[in-house]
Structure formats: structure tokens, C-alpha cells
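This report concerns only the one structure given below.
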Amino acid sequence: MEEDVAADIQTAALCLLSVLGICFNGLIFLLLYRKHNMRTFSNRFVLSLASSHLLQCIIVIPAIIVSIHGVEFNKVWCRITTFMTIFLNLVSVLSILLIAIDRNCAVNSPLHYTLTITKKRTGFLIGATWFAAILFSIPVAFGLPETSSKENALPTNRIPILSIVYSAVVGVVGFIIPFINVACLYFAMFKAAKNNNARARRSSSNSSGSNEIIVNIKPPRKLGVTEYTLRRNFSTDREDPQKSNCCFVGKHKAAVTGLLVVVSFVICWLPFFTTFVSDIFSPLLRTFSS
């Protein structure tokens, strides 16, 4: 009875997640279709990420819901669903990495951004991302890795070395390398924003130290004065609090954005890759413990 309640709760949560994912990712497609000014090369990476998420909501989540209710399928169906799960997760992670690279180029090299992020280059990067995800997912079609499920647990004395290597490679390529690169890229963006704000503050203080406005006024001739000059000096002894807070707000915003992206990356993808790797390494741990 308790298992049925737990299965119903999981099913309801997954259904809600699937509906929300389809709606939000479909909204991205709709915005890019209706708003021509949003069809930039940069938003192609966002479109690639939305495509992988949309396919996950349509294919992967329904397969998980079916498996929760104990419906058994043959090995071919299991391999297909596992292949799609790993493939789409890798596409999502690599697309997040591409977005971080794109944002880093926009912040650190704004003058060369249009030369760096071009139509041909963005198409090549997106195509390479999907091709690499397919390449790393192909071994699943041939039965790798052999997981230690309850129904078909691996003997502790037979642990395929290929399964261990494949799981380790997917964990490194799918999580560790993207995580390190995303963290470094957003840290570089935060550092660049900090330097730009400090440079802007110095240039503002140097250029506005003693500003003089000269206005030539021509009064009526009956006053006996043909022309005189009005001079006014603006002193900057007191710093404008809004300008002083501007730099802090810019650095704070960059830091918060980078931190949120890195933390959300860990929260979203660490459980999946941890479970994927632990399924094949658990027999190895049992062997050493025994």
C-alpha cells in the first residue's frame, strides 16, 4: 500500500514536471519564432538546450513513469530509453557549457564578439555537441554499462572492466569537465566585471574633477552690454552615492549570477551522474568490502 502511494506521488510529480517543461521550453520556441530580433547567434545555444529539455519531457519522463509502475519491457526497449536518457542529458550539460562560453566571449571580448560568435561557428559547435553526445551514448546500444539492478545484479566476482571505464568516462565528460569549465568561465566573467567597474570608477573621477561650463549670453542692447560669459565650475569633492553604489551593484550581480548558475548546475546534474556511476561501481565496492 505504501509503495502504491509513493508511486502515485512520484507519477504526479513527474507529470507536473513534464507539463511545465513542455510549456516553458515550448515558450522559448514560440518567442524565437515570433520575435525576429531574438533570432541571434547567441540564442541558438539556448535553443539547443531547450530542444534537449523538450525531448526529455516527451520521451524520458514518460518512460520513467512507466517503469515506476512496474511495467517490464524487453532489453531493446530498455537500451533505447537508457540511450535517450544519457544522450539528452549530455546534450543539456554541453549546451550549458556552450552558453557559458558564449557569455564569457561577450563579457571579456566584446569588440571581437561578432567575429568570434558567427553563424557558421555556432552551427558547428551545436552540431559537434549533439554528435559528441551521440558518440558517448552509443555503447549503451551494445549493452554497456551492465548495471547492478535488483532484478539482474552482477556477481561480485565478475565486474566488466569496459562498463567501469565507460561509466567513469561518462561521469568525467558529462559532469566533471563541464562543471570545472562553467565555474572557471563565470569566475572569469565576475573578474572582468569587477575590473571594468573599477576602471569606469577611476575614469569617472578623473574626468569630472573640475568641469567648467561656459555659456555666452547676448542681452538686449539697451542694457549697454553686448555680450558676457557665464562660467560655472562643478566641484566633485563629494562623490555621488548612486555612482559609488553602481560598481558594487554590478559586481554583486555578476557574482550572484555566476553562483546561481554553478549551484543549479550541481543540483540538477550531480544526482543523475552520481547514480549512473554508482550503479556500476557498487559491485566493485562490495567486492573490496567483503
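The closest side-chain heavy-atom distance from Leu16 to Leu20 is below 4.5 Å. Residues Pro62 and Ile58 fail the side-chain proximity criterion, which asks for heavy atoms closer than 4.5 Å. The side-chain heavy atoms of Thr85 and Phe272, taken from C-beta on, include a pair separated by under 4.5 Å. Between Cys15 and Ile65 there is a side-chain heavy-atom pair separated by less than 4.5 Å. Looking only at side-chain heavy atoms (C-beta outward), Cys184 and Ile180 come within less than 4.5 Å of each other. Looking at heavy atoms from C-beta onward, Ile68 lies in side-chain contact with Thr11 at the 4.5 angstrom threshold.
For the 3.5 Å distance criterion, the side chains of Asn43 and Thr40 qualify, holding a donor opposite an acceptor. For the 3.5 Å distance criterion, the side chains of Asn104 and Tyr186 fail to qualify, holding no donor opposite an acceptor.
The shortest heavy-atom contact between Trp269 and His53 is CZ2-NE2, 4.3 Å. The minimum heavy-atom distance between Val170 and Phe136, with the atom names listed, is CG2-O, 4.3 Å. A pairwise comparison of heavy atoms in Pro139 and Tyr166 identifies CG-CE1, 3.5 Å as the closest pair. When all heavy atoms of Ser42 and Tyr113 are compared, the pair lying nearest together is CB-OH, 3.3 Å. Residue Leu32 comes nearest to Arg39 through the heavy atom pair O-NE, 2.8 Å, listed as atom of the first residue, atom of the second, then distance. Contact record, Ala188 with Asn108: O-OD1, 3.8 Å, taken as the closest heavy-atom pair.
Asn25 contributes a side-chain N or O that, together with a main-chain N or O of Gly21, makes up a donor-acceptor pair within less than 3.5 Å. Remark: side-chain polar atoms of Ser52 are paired, donor with acceptor, to backbone N or O of Leu49 under 3.5 angstrom. Proximity of a side-chain donor or acceptor of Arg121 to a complementary backbone N or O of Thr116 within less than 3.5 Å is detected. With Ser92 contributing its side chain and Leu88 its backbone, the two residues share a donor-acceptor pair below 3.5 Å.
Linking ILVMFWY residues whenever their side-chain heavy atoms come closer than 4.5 Å, directly or via other members, places Leu27 and Phe45 in the same cluster. Residues Phe276 and Phe142 share a hydrophobic cluster, clusters being chains of Ile/Leu/Val/Met/Phe/Trp/Tyr side chains in contact below 4.5 Å. Put simply, Phe179 and Ile176 are part of the same group of oily side chains (I, L, V, M, F, W, Y) that touch within less than 4.5 Å, one to the next. Cluster annotation: Val46 and Leu90 are assigned to the same hydrophobic cluster (Ile/Leu/Val/Met/Phe/Trp/Tyr, side-chain heavy-atom contacts under 4.5 Å, transitive).
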Show me the donor-acceptor pairs, under 3.5 Å and distance only, between side chains in residues 122-134 and residues at least two apart or in other chains.
| from | atom 1 | to | atom 2 | distance (Å) |
| --- | --- | --- | --- | --- |
| Thr122 | OG1 | Arg44 | NH1 | 3.4 |
| Thr122 | OG1 | Thr118 | O | 2.9 |
| Thr122 | OG1 | Lys119 | O | 2.9 |
| Thr129 | OG1 | Leu125 | O | 2.8 |
| Trp130 | NE1 | Ser48 | OG | 2.9 |

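If you look at Phe175 and Phe265, their ring centroids are closer than 6.0 Å.
Other residues, nucleotides and ligands contribute over 12 non-hydrogen atoms within 6.0 Å of the CZ atom of Phe29.
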